[in-house]
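Here the structure comes first, spelled out in structure tokens, and everything after it is commentary.
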Amino acid sequence: MEKRRIADILRNGQPDETVTVEGWVRTKRELKGFAFMEINDGSFLANLQVIINQDFPDYEALLKQLNIGAAVKVSGVLAASQGKGQRIELQPESMAIVGDSDPETYPLQKKRHSFEFLRSIGHLRSRTNTLGAVFRVRNACSNAIHHFFQDRGFLWIHTPLITTNDCEGAGELFSVTSLPLEKIPQTQTGKVDYEKDFFGKPAYLTVSGQLEAEAMALAFSNVYTFGPTFRAENSNTSRHLAEFWMVEPEMAFCDLQGNMDLAEAFLKFIFKYVLDTCPEDIEFFNKRIDKTVLKTAENIINNDFERITYTEAIALLQKSDRQFTYPVEWGLDLQSEHERYLAEELFQKPAIVTDYPVGIKAFYMRLNEDEKTVAAMDVLSPKIGEIIGGSQREERLDVLERRIQAAEMPLEELWWYRDLRRYGSVPHAGFGLGFERVVQFMTGMGNIRDVIPFPRTPLNAEF
RNA sequence: UCCUCAGUAGCUCAGUGGUAGAGCGGUCGGCUGUUAACCGAUUGGUCGUAAGUUCGAAUCUUACCUGGGGAGCCA
């Protein structure tokens, strides 16, 4: 008998087809002479309804075991549903409890649970409608990312998770060591003797694969990373994780314009891809989580992003009649409230802000002709804020070295990064995108901890 | 890390100085097409932890722990 996924049955199944399905009981409703059971195998938002008549073998005993959470295997014949709410349903001929579930202790009920509670049962929460939809969308989004870049000839590169650069960028780093913490070897001056450590010097979990991606871009022209990234910052917000996934394309022979064009095309593509592949899940989010999800997605797909310079953004903020908590002044960084005002209220769509003051951006961003600004870009989105941060990179050795020194960073440690400017240096650009923030944006989920299966945040590494 | 709100039954919450409550869930019974099924009964508690005030504390005070929202930092 043909084993089929529930998504396939609900989309394509026809009456009188014989099928076998495997999944978990989501709900059961008992009536006088028969019972309804719904099972879900994770392939689809909706459940497959199974009708069990009282003349089914061992009806009484079976029903006692068909509790929410139990794993079952059912074979039978599809039939057009007599009731409302589903097109097709399953009339079983044989049924087996693969793994039972005690209803007294199983924490999931057939009712709404708070996301806070679901986080405490991270190993089971993916069996709920919302988290199920989240992770299907997350998967589709991952797929979309690879499609987008692969179709354009970008090489997917795997940059190291362990780094000895403590100067990759901002953010606190997690240390990586094989030294015994209870008895750390010390030098004669009483400092940690890193020469005895695994790598012979301090090592950390990476906060970005960008520097290595630049090296690879200068060999393969267009590359991208897509992998985990770590930040030890004690951030307790709905949009920060200690371990998250980042997408970082890097393009040789590319300037800031090309970078912006790619970022915009990229966001449009992945939104359209997810809309096309997970329409039911997006519909669910639009109905139950955030009623603007669909509108926002269509807005992104169909409209050009607003593009303004930092200087123009400051002027717009100063011109607005809104009272901001933080000062608006050329040279100061944009605060969350400023970014949200621009994207959410003024433009009501994503906005790309470029050419920030040199003083507030990283050393590797290319110095503009005015020597006051750098070729940086931030894509600001409604609700989430900064969703993409990128720049054209400084390709001129002398300028780069000046910037490194101005940032009081050690030139020697960046010897290989400087080498890239010495041998065949070309204008190049790239950006970083927080993957979970995109999934948050697509689904309307308010807390980033609910768009990654097992979130790592301060004081939380359970599961 | 800072500000702010919260922590009471398995879940969601009410109770704001005087006997610990409801809905949902679970269990039992009823119901011929349900779909957050419905109807009836029943079960269920270290009121986050510790100390203090009081004749008496879920309720007031202090500290701590945990969580939510916001901010900073950032993607």
Side-chain angles (χ1 to χ4, degrees), chain A residues 26-38 46-54 64 67-69 79-86 89 91 101-121 128-129 168-172 206-210 225 228-248 288 324-326 333-340 360-362 378-381 384-390 431-441 446-452 457-460 462:
Chain A
R26 279 291 181 84
T27 178
K28 169 184 71 172
R29 293 176 291 276
E30 289 181 64
L31 282 82
K32 174 77 171 173
F34 60 106
F36 298 96
M37 172 184 68
E38 292 184 30
N47 306 319
L48 177 65
Q49 179 163 277
V50 181
I51 285 81
I52 312 163
N53 280 302
Q54 62 181 349
K64 280 223 181 309
N67 295 310
I68 180 168
S81 178
Q82 296 171 34
K84 287 172 187 161
Q86 58 282 313
E89 61 194 17
Q91 293 179 338
S101 173
D102 181 0
E104 299 258 19
T105 55
Y106 188 66
L108 288 170
Q109 305 171 0
K110 43 184 181 182
K111 66 166 213 169
R112 272 197 78 135
H113 286 294
S114 68
F115 291 122
E116 292 85 356
F117 171 68
L118 292 176
R119 267 169 233 150
S120 74
I121 48 166
T128 63
N129 286 339
E168 278 179 344
E172 297 287 316
T206 186
V207 295
S208 166
Q210 183 200 313
T225 73
T229 305
F230 308 88
R231 304 276 166 95
E233 203 81 68
N234 189 11
S235 288
N236 293 288
T237 80
S238 55
R239 54 184 197 287
H240 284 90
L241 293 165
E243 177 183 301
F244 65 99
W245 284 58
M246 192 152 65
V247 181
E248 295 174 292
R288 302 290 284 271
F324 295 110
T325 310
Y326 289 87
D333 208 355
L334 298 179
Q335 300 293 318
S336 283
E337 57 172 350
H338 306 140
E339 296 180 346
R340 291 185 64 153
I360 57 173
K361 288 292 182 185
D378 282 359
V379 180
L380 311 179
S381 84
I384 307 295
E386 188 186 331
I387 198 168
I388 283 178
F431 61 80
L433 162 127
F435 180 58
E436 282 78 12
R437 287 191 182 171
V438 173
V439 178
Q440 241 189 307
F441 193 30
N447 197 312
I448 200 164
R449 297 164 199 208
D450 301 324
V451 298
I452 186 167
T457 55
L459 298 174
N460 185 4
E462 194 67 54

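As the structure is a prediction and not an experimental result, all values here were calculated from the model. Per chain, numbering begins at 1; letters A, B, ... match sequence-line order.
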With both distances under 3.5 angstrom, what nucleotide forms a Watson-Crick or G-U wobble pair with [N]?
{"N": "G17(B)", "answer": "none"}
{"N": "G67(B)", "answer": "C5(B)"}
{"N": "G10(B)", "answer": "C24(B)"}
{"N": "U59(B)", "answer": "none"}
{"N": "C38(B)", "answer": "G30(B)"}

Give me the distance, rounded to whole Å, that separates [N] from [M] when you measure between the [atom1] atoms they each carry.
{"N": "C65(B)", "M": "U16(B)", "atom1": "C1'", "answer": "23 Å"}
{"N": "G7(B)", "M": "C28(B)", "atom1": "P", "answer": "34 Å"}
{"N": "U46(B)", "M": "U8(B)", "atom1": "C1'", "answer": "12 Å"}
{"N": "G33(B)", "M": "A20(B)", "atom1": "C1'", "answer": "42 Å"}
{"N": "G15(B)", "M": "G30(B)", "atom1": "C1'", "answer": "34 Å"}
{"N": "U59(B)", "M": "G17(B)", "atom1": "P", "answer": "11 Å"}
{"N": "G23(B)", "M": "A14(B)", "atom1": "C1'", "answer": "10 Å"}
{"N": "C60(B)", "M": "C47(B)", "atom1": "P", "answer": "16 Å"}

Assess whether one donor atom and one acceptor atom, taken from the side chain of [X] and the base of [N], lie less than 3.5 Å apart.
{"X": "Glu233(A)", "N": "G72(B)", "answer": "no"}
{"X": "His113(A)", "N": "C11(B)", "answer": "no"}
{"X": "Gln86(A)", "N": "U34(B)", "answer": "yes"}

In whole angstrom, give the distance that lies between atom [atom1] of [X] and atom [atom2] of [N].
{"X": "His240(A)", "N": "G72(B)", "atom1": "NE2", "atom2": "C1'", "result": "9 Å"}
{"X": "Gln91(A)", "N": "G33(B)", "atom1": "CD", "atom2": "C1'", "result": "12 Å"}
{"X": "Asn460(A)", "N": "G68(B)", "atom1": "CG", "atom2": "C1'", "result": "14 Å"}
{"X": "Leu108(A)", "N": "U12(B)", "atom1": "CG", "atom2": "P", "result": "12 Å"}
{"X": "Arg288(A)", "N": "A36(B)", "atom1": "CZ", "atom2": "C1'", "result": "8 Å"}
{"X": "Phe36(A)", "N": "A36(B)", "atom1": "CZ", "atom2": "C1'", "result": "15 Å"}
{"X": "Leu118(A)", "N": "G67(B)", "atom1": "CG", "atom2": "P", "result": "16 Å"}
{"X": "Ile121(A)", "N": "G67(B)", "atom1": "CD1", "atom2": "C1'", "result": "15 Å"}

Show me the protein contacts with nucleotides 69-71 of chain B, counting only N or O atoms at under 3.5 Å.
unit_1 : atom_1 : unit_2    : atom_2 : d
G69(B) : OP1    : Asn447(A) : ND2    : 3.3
G69(B) : OP2    : Asn447(A) : ND2    : 3.1
G70(B) : OP2    : Ser238(A) : OG     : 3.1
A71(B) : O2'    : Tyr326(A) : OH     : 3.0
A71(B) : N6     : Asn236(A) : O      : 3.4

Given RNA chain B, 5'-ward residue of the pair Phe117(A) and Lys28(A), judged by closest heavy atom: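 It is Phe117(A), whose closest nucleotide lies nearer the 5' terminus.
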Applying ring pair (Phe, Tyr, Trp, His ring centres under 6.0 Å), name anything that partners Phe230(A), two or more places apart in sequence or on another chain.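 Once residues adjacent in sequence are excluded, Phe230(A) has no partner under the ring pair (Phe, Tyr, Trp, His ring centres under 6.0 Å) criterion.
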Set of ring pair (Phe, Tyr, Trp, His ring centres under 6.0 Å) partners for His240(A), sequence neighbours left out: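 For His240(A), no residue satisfies ring pair (Phe, Tyr, Trp, His ring centres under 6.0 Å) once neighbours in sequence are set aside.
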Kindly write out the residues that satisfy side-chain hydrogen bond (donor to acceptor under 3.5 Å, both in side chains) with Thr225(A), not counting sequence neighbours, or none if the list is empty.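 If we apply the side-chain hydrogen bond (donor to acceptor under 3.5 Å, both in side chains) test to Thr225(A), skipping adjacent residues, the hits are Glu248(A).
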Measure the CZ-CZ distance between Arg239(A) and Arg449(A) for me, rounded to the nearest 0.5 Å.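 These two atoms lie 12.0 Å from each other.
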What distance do Arg231(A) atom CZ and Thr206(A) atom OG1 have between them, rounded to the nearest 0.5 Å?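 Between atom CZ of Arg231(A) and atom OG1 of Thr206(A) there are 8.5 Å.
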Is the ring centre of His338(A) less than 6.0 Å from the ring centre of Phe324(A)?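 Yes, the ring of His338(A) comes within the 6.0 Å limit of the ring of Phe324(A), centre to centre.
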If you look at every strand shown and take non-hydrogen atoms under 4.0 Å, does [X] touch a base, only sugar-phosphate, or nothing?
{"X": "Gln49(A)", "value": "base"}
{"X": "Thr325(A)", "value": "nothing"}
{"X": "Glu243(A)", "value": "nothing"}

Show me the protein contacts with nucleotides 27-32 of chain B, counting only N or O atoms at under 3.5 Å.
unit_1 : atom_1 : unit_2   : atom_2 : d
C31(B) : OP1    : Lys32(A) : NZ     : 3.1
C31(B) : OP2    : Lys32(A) : NZ     : 2.6
C31(B) : N4     : Glu30(A) : O      : 3.4

Close side-chain approach of Asn129(A) to Arg26(A), heavy-atom, < 4.5 Å: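 Side-chain contact under 4.5 Å: yes.
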Using the glycosidic torsion, which applies to U19(B): syn (within 90° of 0) or anti (everything else)?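 That one's anti.
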Atom pairs, N/O to N/O, protein against nucleotides 22-24 of chain B, distance under 3.5 Å?
unit_1 : atom_1 : unit_2    : atom_2 : d
G23(B) : N2     : Lys111(A) : NZ     : 3.4

Please report the closest heavy-atom contact between [X] and [Y], naming both atoms and the distance.
{"X": "Glu386(A)", "Y": "Glu339(A)", "value": "N-OE1, 3.8 Å"}
{"X": "Ile452(A)", "Y": "Glu243(A)", "value": "CD1-O, 3.8 Å"}
{"X": "Gln440(A)", "Y": "Gly446(A)", "value": "NE2-O, 3.2 Å"}

Ion pair present between Arg29(A) and Glu38(A), side-chain N to carboxylate O less than 4.0 angstrom?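 So Arg29(A) pairs with Glu38(A) through a salt bridge.
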Measure up the Phe36(A) and Phe34(A) rings against each other and bin them: parallel (under 30°), tilted (30 to 60°), perpendicular (over 60°).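 Ring orientation, 0 to 90° scale: perpendicular.
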